[in-house]
Amino acid sequence: MTTSVIELRGAGRRYGDGPPALHEASFTVRSGEAVAVLGPSGSGKSTLLNLIAGLDRPDTGTVTVDGVRVDRLGEAGAALYRRSRIGMIFQFFNLLDDLTVADNVVLPARLAGVSRAEADRRAAELLETLGIARHARSCPGRLSGGERQRVAVARALMNRPAVLLADEPTGALDTAAGQDVAGLLTGLNAEGQTIVLVTHDLALARSCTNRTVRIADGRITDDVRSDAVTPEGVR
Ligand SMILES: Nc1ncnc2c1ncn2[C@@H]1O[C@H](COP(=O)(O)OP(=O)(O)OP(=O)(O)O)[C@@H](O)[C@H]1O
Ligand SMILES: [Mg+2]
């Protein structure tokens, strides 16, 4: 049995008096799914992701993630929610360049009140798994784009998120590094990680997800599963 981990019901968002960035969207993601959100620039992909992440709130409807009514959270509640349940990776990594790789990765756990020893242990394990342990003491600015994205993935996984959100994670990478990150996401999903991936890149979507949602002008126009690829109920 798989349960829904993300549920949007009639979630709409409009900025100012422009057209809605997202029309009332209803959208469910089951635990263990990897979903690609595809659509042209300005179609509402990041808006959707930001609602799931609790970075923004809908004007209408509800957003429930891992049992939390995200649309009802205040600022502090949303920060706590993100820290405990959401991992995010971005096109430009969003790492802190004044901190070492290890300290970047440890940070979410430290903010969540995990002890230094425990956080260090988990970070070392993640850096090892992701093949970047040798860069632990470097600052991210010295790493290649692909390596930086691996650090960002490690940081995103630090607090064992219910959902990993990725907004154009290969957008700033060359083809080889992009494929490397795609492989990483595929591997994480195979281990049961629920993933929502926003991208312009259909090939990327096909390579590491088992469901494709298309958005145009703030409306979900298409939602296609290819469940044959991945067994259900892994998580
Ligand atoms: N904070 C904001 N204030 C005003 N308008 C916004 C804001 N955020 C997004 N929008 C508008 O909402 C619409 C959807 O934007 P969104 O960022 O979700 O698009 P996107 O699909 O992620 O595009 P891209 O592929 O370029 O990242 C766009 O018209 C955008 O200009
Ligand atoms: Mg965007």
Side-chain angles (χ1 to χ4, degrees), residues 6-29 33-65 70-79 81-82 85-95 145-146 148-149 152-153 155-156 161 163-175 177-179 181-182 184-185 189 194-209 211-224:
I6 300 174
E7 187 164 0
L8 273 70
R9 287 193 183 197
R13 181 72 171 104
R14 166 184 230 134
Y15 297 104
D17 40 355
L22 194 67
H23 290 265
E24 298 180 3
S26 294
F27 168 67
T28 302
V29 177
E33 273 191 307
V35 182
V37 179
L38 286 157
S41 188
S43 57
K45 305 183 297 296
S46 295
T47 301
L48 176 68
L49 219 58
N50 289 342
L51 294 182
I52 297 169
L55 287 166
D56 194 7
R57 268 201 255 177
D59 305 310
T60 61
T62 65
V63 178
T64 308
V65 178
V70 181
D71 57 288
R72 283 191 183 151
L73 297 173
E75 217 164 289
Y81 155 75
R82 269 195 300 283
R85 292 182 161 88
I86 298 292
M88 288 193 87
I89 56 176
F90 305 91
Q91 180 170 6
F92 296 108
F93 325 120
N94 292 18
L95 297 167
R148 279 186 232 190
Q149 199 58 296
V153 170
R155 180 185 56 182
V163 178
L164 179 63
L165 301 175
D167 199 343
E168 292 285 2
T170 64
L173 303 178
D174 64 28
T175 308
Q179 282 171 353
V181 168
L184 199 58
L185 295 179
N189 179 244
T194 306
I195 298 175
V196 180
L197 162 73
V198 160
T199 182
H200 289 102
D201 184 345
L202 184 59
L204 172 70
R206 289 211 169 116
S207 78
C208 59
T209 68
R211 180 175 162 200
T212 303
V213 170
R214 285 179 189 276
I215 300 195
D217 296 330
R219 290 180 203 275
I220 295 177
T221 57
D222 205 22
D223 188 342
V224 180

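One is the number of the first residue; the rest follow in order along the sequence. For ligands, and for the atoms within them, numbers begin at 1 and follow the listed sequence.
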Next on the checklist: Tell me if a side-chain donor or acceptor on Gln149 pairs with a main-chain N or O of Pro169 at a distance below 3.5 Å.
Outcome noted: yes
Item to check | Atom indices of ligand 1 within 4.0 angstrom of Pro40 heavy atoms, with elements | outcome: 21 (O)
Next on the checklist: Give me the residue, atom name and distance of the protein heavy atom closest to atom 26 (O) of ligand 1.
Outcome noted: Ser41 OG, 2.5 Å
Item to check | Distance filter under 4.0 Å to Thr47 heavy atoms, resulting ligand 1 atoms | outcome: 14 (C), 15 (O), 16 (P), 18 (O)
Checklist entry - Taking side chain as C-beta onward, heavy atoms only, is Ile86 less than 4.5 Å from Leu165? => result yes
Checklist entry - Between the candidates Ala21, Ser46, Gly42, which shows the shortest non-hydrogen contact distance to atom 28 (C) of ligand 1? => result Gly42
Checklist entry - Heavy atom under 4.0 Å from ligand 1: found in Glu168's side chain, backbone, both, or neither? => result neither
Checklist entry - So which of Leu22, Asp56, Asp59 actually passes side-chain contact (heavy atoms from CB on, under 4.5 Å) with Tyr15? => result Asp56
Item to check | Protein non-hydrogen atom found under 4.0 Å from atom 30 (C) of ligand 1 | outcome: no
Next on the checklist: Could you identify the single nearest non-hydrogen protein atom to atom 25 (O) of ligand 1 and state the distance to 0.1 Å?
Outcome noted: Lys45 NZ, 2.7 Å
Checklist entry - Any N or O of Gly44 that comes nearer than 3.5 Å to an N or O of ligand 1? => result yes
Checklist outcome for this item: dist Ile220:CD1 -> Phe27:CZ (nearest 0.5 Å) comes out at 5.5 Å
Next on the checklist: Quick check for you: to the nearest 0.5 Å, what is the distance between Leu204 atom CG and Glu168 atom CD?
Outcome noted: 8.0 Å
Checklist entry - From the Mg ion (ligand 2) out to just under 2.8 Å, does an N/O/S atom of Ser46 turn up? => result yes
Item to check | Atoms in ligand 1 flagged as close to His200, the criterion being non-hydrogen separation under 4.0 Å | outcome: 25 (O)
Checklist entry - Given Leu8, which of Leu48, Thr28, Asp71, Val65 fulfils the side-chain contact (heavy atoms from CB on, under 4.5 Å) condition? => result Leu48
Checklist outcome for this item: In this structure, atom 9 (C) of ligand 1 is nearest to the protein heavy atom Tyr15 CE1, 3.4 Å
Next on the checklist: Is it the case that over 12 heavy atoms from other parts of the model lie below 6.0 angstrom from the CZ atom of Arg219?
Outcome noted: no
Next on the checklist: With rounding to the nearest 0.5 angstrom, report the CG to OG distance, Leu55 to Ser46.
Outcome noted: 10.5 Å
